[in-house]
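This report refers to the structure that appears directly beneath it.
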There are 2 protein chains.
Amino acid sequence: MNDEPRWLTAEEQLVWRSYIEAATLLEDHLDRQLQRDAGMPHVYYGLLVKLAESPRRRLRMTELAKYAKITRSRLSHAVARLEKNGWVRREDCPSDKRGQFAILTDEGHEVLRRTAPGHVNAVRQAVFDRLTPEQQKSLGEIMRIVAEGLQPSEAGADLPWLR
Amino acid sequence: MNDEPRWLTAEEQLVWRSYIEAATLLEDHLDRQLQRDAGMPHVYYGLLVKLAESPRRRLRMTELAKYAKITRSRLSHAVARLEKNGWVRREDCPSDKRGQFAILTDEGHEVLRRTAPGHVNAVRQAVFDRLTPEQQKSLGEIMRIVAEGLQPSEAGADLPWLR
DNA sequence: CCCAGTTTGTTTAAGATTCAAGAAATAGTC
DNA sequence: GACTATTTCTTGAATCTTAAACAAACTGGG
């Protein structure tokens with residue numbers, strides 16, 4: 001309950017600005033790259049990758065949403081679109097009648113096979129090729145920390161509403 | 001050119017995954033925070049900030065788009081919305097009849113004044129408070145490098161099409 | 001001056017995302 | 001079993017973003 005906000009220092013502002021700019025440019029760059037080469041935005045591509053990495057190439061909608069850090073609503077729309085492309089299909093979950101599996105089709109897998117090299121290349125070119133091994137390690141640690149702090153589990157982790 | 005793609009190593013994959021997750025969660029978090037407290041998404045808020053930092057609180061559309069790393073088209077839509085909110089107004093450029101200035105209104109300035117503390121707080125809580133000074137510095141360096149590599153100027157910086 | 005080429009900014013439509021609301025199934029409790 | 005709360009997923013409307021196309025104004029030769 002502090003009245004005067006702790007503004008960012010000049011250094012912090014520069015860091016924050018760099019982060020925002022890089023994140024914006026990078027997401028934009030990868031969106032364009034994938035839209036051009038794979039016909040879908042980065043997030044959708046990520047969904048196909050998650051499915052490809054999963055046993056039997058399938059995941060429950062909620063699981064997939066959790067891994068991809070997006071809402072179930074967004075996922076619903078996304079899968080609908082990917083389904084229309086023939087890259088994903090749905091299947092009912094036998095053990096839970098509410099549940100749905102999203103399943104990567106052969107066609108979807110083929111799209112990944114064809115476009116993954118180009119995408120890896122784009123990521124390398126934009127990020128890894130420009131950073132020293134130490135910087136890569138550091139980036140990993142930093143982003144892991146930030147991500148952990150924002151996991152939904154965080155909500156109420158220390159009961160802030162009781163203060 | 002090389003036929004076999006250089007896949008990411010296991011370590012690189014972890015770094016990349018962490019980056020994507022953190023960036024997704026963070027942007028999401030800040031969008032929600034600002035939508036709730038300021039009635040606009042993070043990008044729009046950033047536009048107001050840029051204007052507030054500019055002399056006479058105004059920028060040419062193209063300048064603003066460049067600073068914010070977004071397309072002119074996107075900016076057109078955004079400013080149209082902000083104008084409807086009364087937070088920005090447009091003015092013709094006297095020296096270039098094509099040109100338009102986007103100008104932060106008093107009302108827009110007031111929104112910033114009122115919501116900046118909360119936003120700074122959100123950024124601190126999500127990022128700076130969780131990182132050591134060394135990590136903050138490192139993050140700045142890393143993101144500056146990535147951003148530089150993706151600036152539009154980069155397009156053709158080394159004449160790749162001549163190879 | 002004239003004209004091709006560029007720059008500036010907007011517009012339209014299609015696509016993507018968010019938010020709130022809701023239907024259906026499950027889980028927990030009495 | 002019946003009841004309530006929760007979980008799962010979808011839907012529709014509003015908002016935001018993208019991509020392509022365009023008009024208007026500027027630029028730099030000739």
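Letters A, B, ... mirror the listed sequences (proteins, then strands); counts begin at 1. From a predicted model like this one, the values you see are computed outputs, not experimental measurements.
Distance from the side chain of A:M61 is smallest to D:dT10 among D:dA19, D:dA25, D:dT10.
Annotation: of the two residues near DNA chain D, B:P41 and A:L75, the 5′-most nearest-nucleotide partner is A:L75. Nearer the 5' end of DNA chain C, as judged by each residue's closest nucleotide, is the contact made by B:G99, out of B:G99 and B:Q35. If B:P94 and A:R72 are placed on DNA chain D by their nearest nucleotide, the residue sitting closer to the 5' end is A:R72.
The distance from atom CD1 of B:I70 to atom C1' of D:dT18 is 12 Å, rounded to the nearest whole Å. Rounded to an integer number of Å, the gap from A:Q100 CD to D:dT11 C1' is 14 Å. Across the protein-nucleic acid pair, B:H42 atom NE2 and D:dT17 atom C1' stand 17 Å apart, rounded to whole Å. Nucleotide D:dT7 holds its C1' atom 16 Å from the NZ atom of A:K97, rounded to whole Å. If you take OH of B:Y44 and C1' of D:dT15, they are 8 Å apart, rounded to a whole angstrom. For the pair A:E63 CD and D:dC9 C1', the interatomic distance rounds to 14 Å; values are reported in whole Å. Note: OH (B:Y45) to P (D:dC16) measures 17 Å, nearest angstrom. We find that CZ of A:R74 is positioned 14 Å from C1' of D:dT15, with the value rounded to whole Å.
Looking at A:P133 and A:F128, their side chains never come closer than 4.5 Å, going by heavy atoms from C-beta outward. B:S138 places a side-chain heavy atom less than 4.5 Å from the side chain of A:I142. Between A:V79 and A:M61 there is a side-chain heavy-atom pair separated by less than 4.5 Å.
Remark: A:H77, A:R81 in residues 76-89 of chain A come within less than 4.0 Å of DNA chain C through at least one heavy atom.
Once rounded to the nearest 0.5 Å, the distance linking CD1 of B:I103 with CG of B:L51 reads 9.0 Å. Taking CG from A:L26 and NZ from B:K69, the interatomic distance works out to 13.5 Å, rounded to the nearest 0.5 Å. Rounding to the nearest 0.5 Å places CG of B:L139 at 8.0 Å from OH of A:Y19.
The side-chain contact (heavy atoms from CB on, under 4.5 Å) check on B:I145 picks up A:R130, A:L131, A:Q135, with sequence neighbours excluded.
If you check distances only, the side chain of B:T71 never reaches the base of D:dA19 with a donor-acceptor pair under 3.5 Å.
Counting only distance, with no hydrogens or angles, the side chain of A:Q125 and the backbone of A:A122 share no donor-acceptor pair below 3.5 Å. At least one donor-acceptor pair under 3.5 Å links the side chain of A:T71 to the backbone N or O of A:R74.
First and last contacting nucleotides of DNA chain C toward chain B (any atom under 4.0 angstrom from a heavy atom, 5' to 3' order): C:dT7 to C:dC19.
Across all strands, B:D92 comes closer than 4.0 Å to no nucleic acid atom at all (heavy-atom distances). Looking at heavy-atom distances under 4.0 Å, A:D96 makes contact with sugar-phosphate atoms alone, never a base.
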Please evaluate residues B:T105 and B:R89 with respect to the criterion side chain to side chain donor-acceptor pair (under 3.5 Å), reporting the C-alpha separation (whole Å), side-chain torsions for both, the decisive distance (0.1 Å), and the verdict.
CA-CA 6 Å; B:T105 64; B:R89 65 187 173 81; over 6 Å; no
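In terms of phosphate contacts, A:R60 brings a side-chain nitrogen or oxygen within less than 4.0 Å of OP1 or OP2 of D:dC9.
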